[in-house]
Amino acid sequence: MSVEALLTRDYDANPGPVHERLRAEYGPVAPVDLLGVPVWFVTGYEEVLHVLQNKGGIWSKNVDRWRAHAEGSVPADWPLLPVFQVNNSAFAEGATQHKLRAAWTKALAPFQDHSQPQAQLLEQAIRQYADDLIGVLAEGGPTGWADLAAQYARPLPLMVANRLLGFTAARGEEVVMDIWRMIDAGPDAAAAFQRLYAAMTELATAKRQHPGDDLPSYMIAADPDLTLDELARELLMLPGLLDFTASLVCNVVVEVVSNPAMWETLSVGAIDETVNRAALLNPPMANLTFRFPMADVKLGNYTVAAGDPVMLSVAAAHADPRFAGALDQHAIRSTRAHLAWGAGPHACLGQRLATQITTIAVQRLFTRCAKLKPALPPDQLPWRPSPFMRALRSLPVQYELAASRVPAPADAGVPETRPAGGGEAAEQRSRSPLWSFLRGLRRGR
Ligand code: HEM
C-alpha cells in the first residue's frame, strides 16, 4: 500500500487537518510513513484508549518486538531509533517495568503530596525560580518584548529537574545546557547525551554514598537493588519529561492570551481548569512512542500484524468527533477523561508535579505582568518540528509588568540549589553560564 508521509511542513504548522484527512480516508487507524518507515497511526479515541489500557496484555513498547527492526529493514541510522533504544521504564515490560514504576511512584510521592515538607519546599522553590526568571527577562525595563518559551517556560522546569535530582547549582547548570543540546537534537546532541549519561551515573553513585532529600536518593531507598545503569537511565528521563512540562506552560499561555474564554477562567482563579483545558486542546505529548502487538490484532479497519509499529496520537484522539462531539464545550469544568497523561500500565506518574509546575508558572506570570500581548497571531506561531511533541520553538510576547512588589529571593526560604537571589546568590548568578545565556536573550523595549 503506498502511504503518505506524516511529518510535513503542514503537519508541523497545524496537525489537526492532517488528522482529519487521515480519519476521513482510512478510519480510526491509518497507515503512514514516518521518516521512511511504515507505521500504523491511530487517530480514534476509543482505539487509542484500548491500546493504552492493554487489557489483553498483547501490546509491548519494547523495541525488540519490532519485526522490521529484527529483520534488519529499519536503517541503522533511522533518526528516531535512539529514542526507542534508551532502555528505561517507558519501554520496559513485565517484571522490569513493575519494579521501575514502583521506584518512581515511591520516590515521587513526597514531592507530589502537599502534606509533605518536600512538596511544600519544592513549591516555594518553583515560585522563586519563576520570579527570578521574570526578574531577568524584565531587567531591560517594565515594558518590553520577551520570548516566553526560551526565557521562561523552558528554563523553569529544568531548574526544577536540577533541584529534584539534587545537583549543586553549578553542576546543575552544566547539565541544563547539555539537556537543551540533547533535546534540540543539534550537531552536539550525541556528545551531550554521553556527558549526561556520565553525569547521571556519577550522581547515582554519589547519592548511594551520601543520600539526600532528592529523587535519586528516594529511588535508591525505594529499591536498593537498582543498578547504577538502571538508575542513570531512569534519571535521564526526568529532564525530557520536564521539557514536556515547558511546552504545557507555553500551550496554556497561548490559550489564555488568544482565547477570551480561557482568560476569563484564569481571572476567576481556576488555574487548574485552564491547565486541563490546554492539555485537552493541545496535548504536549501529542503522539506516543510505538507499541507493538505480540499477535495479529484487529484495530480500526485493519489487521495489524504482530510486531508492526503502532503510534497512538493523543492529539488526534482528542479531536475524534466520537469523543470531542460528546463534550459540552461550554461546561465550567472540562472533561478529565482525556489522554494527555496517557492511561493504563504506562500512564504518567508525574501528572501532579507537572500540573503544579505549570500552575505556578502561569500564576506567577499573570500576576507579575499587567499585560501580555502575543507578538504573532496564533496561526503564525513557530512550532518545533517533532513526531512526538507539540511544543513552541518560541513564544514572542509584549509584556507590561504590574507595579506590585516581588518578594526578595531571601524571603522565600528556598534551600541551596535555587539558582539566584540577592547577595551571594546574585554573585553566583553573575558568573553563571545559564543566566548569561538568558540575559543574552533579553530584547528590552
Ligand atoms: C506536561 C508534562 C507531562 C506530560 C504531558 C506527560 C504525559 C505522559 C504520558 C502521555 C505518558 C505515557 C506515555 C506512553 O504511554 O507512551 C507519560 C509517562 C510517564 N511520565 Fe509523564 N508527562 C509529563 C510530565 C511528567 C513529569 C514531570 C514526570 C516526573 C517527574 C513524569 C513521569 C512519567 C513517567 C515516569 C512515565 C513513564 C511511565 C511508564 O512507562 O510506566 N511525567 N507521561
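For ligands, and for the atoms within them, numbers begin at 1 and follow the listed sequence.
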Anything protein N, O or S sitting under 2.8 Å from atom 21 (Fe) of ligand 1: count it and give me the total.
1
Would Gly344 count as a contact residue for ligand 1, given that I'm defining contact as a non-hydrogen atom of the residue lying under 4.0 Å from a ligand atom?
no
Approximate separation, where rounding is to 0.5 Å, of Leu215 CG and Lys207 NZ:
10.5 Å
Could an N or O of ligand 1 be found under 3.5 Å from any N or O of Arg291, whether backbone or side chain?
yes
Thinking salt bridges, do Arg101 and Asp223 make one under a 4.0 Å N-O criterion?
no
Quick one: side-chain hydrogen bond (donor to acceptor under 3.5 Å, both in side chains) partners of Asn251, sequence neighbours excluded?
none
Please report the closest heavy-atom contact between Ser217 and Gly212, naming both atoms and the distance.
OG-N, 2.8 Å
Under 4.0 Å between a Lys/Arg side-chain N and an Asp/Glu carboxylate O for Arg23 and Glu20?
yes
Within a distance under 4.0 Å of any heavy atom of Leu353, pick out the atoms of ligand 1 and give their elements.
30 (C)
Report yes or no: is the cationic atom of Arg390 (NZ for Lys, CZ for Arg) closer than 6.0 Å to the six-membered ring centre of Trp383, at no more than 45° off its axis?
yes
Between Glu93 and Arg291 (salt bridge meaning N to carboxylate O under 4.0 Å), is one present in this structure?
no
Proximal ligand 1 atoms for Leu248, defined as those under 4.0 Å from one of its heavy atoms:
1 (C)
Without hydrogens or angle criteria, can the side chains of Asp10 and Thr8 be said to hold a donor-acceptor pair below 3.5 Å?
no
Quick one: side-chain hydrogen bond (donor to acceptor under 3.5 Å, both in side chains) partners of Tyr197, sequence neighbours excluded?
Asp229
min-distance protein heavy atom vs atom 12 (C) of ligand 1 -> His346 O, 3.3 Å
What's the separation between atom CG in Asn88 and atom CG in Leu236, rounded to the nearest 0.5 Å?
8.5 Å
List ligand 1 atoms under 4.0 Å from Pro345, heavy atoms only on the residue side.
41 (O)
Taking heavy atoms and a distance under 4.0 Å, where does Ser89 meet ligand 1: side chain, backbone, both or neither?
backbone
Any idea which part of Ala340 is under 4.0 Å from ligand 1, heavy-atom wise: side chain, backbone, both or neither?
backbone
Quick one: look at Thr245 and ligand 1, take heavy-atom pairs under 4.0 Å, and tell me if it's side chain, backbone, both or neither.
both
Write out the residue and atom name of the closest protein heavy atom to atom 30 (C) of ligand 1, then the distance separating them to 0.1 Å.
Leu238 CD1, 3.3 Å
Proximity to ligand 1 by part of Ala279, non-hydrogen separation under 4.0 Å
neither
Residue portion contacting ligand 1 (non-hydrogen atoms closer than 4.0 Å) for Pro283
neither
Those atoms of ligand 1 less than 4.0 Å from some heavy atom in Ala347:
38 (C)
Can you see whether His338 engages Asn276 through a side-chain donor-acceptor pair at a distance of less than 3.5 angstrom?
yes
Contact region, Arg101 to ligand 1, non-hydrogen atoms below 4.0 Å, reads side chain
Residues in side-chain hydrogen bond (donor to acceptor under 3.5 Å, both in side chains) contact with Gln53, at least two apart in sequence or another chain:
none
Indicate the atoms forming the closest heavy-atom contact of Pro110 with Ala107, along with that distance.
CD-O, 3.3 Å
Within-shell test, Gln97 vs ligand 1, heavy atom, strictly < 4.0 Å:
yes
Please list, in number order, the atoms of ligand 1 under 4.0 Å from a heavy atom of Lys61.
14 (C), 16 (O)
Quick one: does ligand 1 sit under 4.0 Å from the side chain of Ile357, the backbone, both or neither, non-hydrogen atoms only?
neither
Glu4 bridged to Arg21 by N-O distance under 4.0 Å
yes
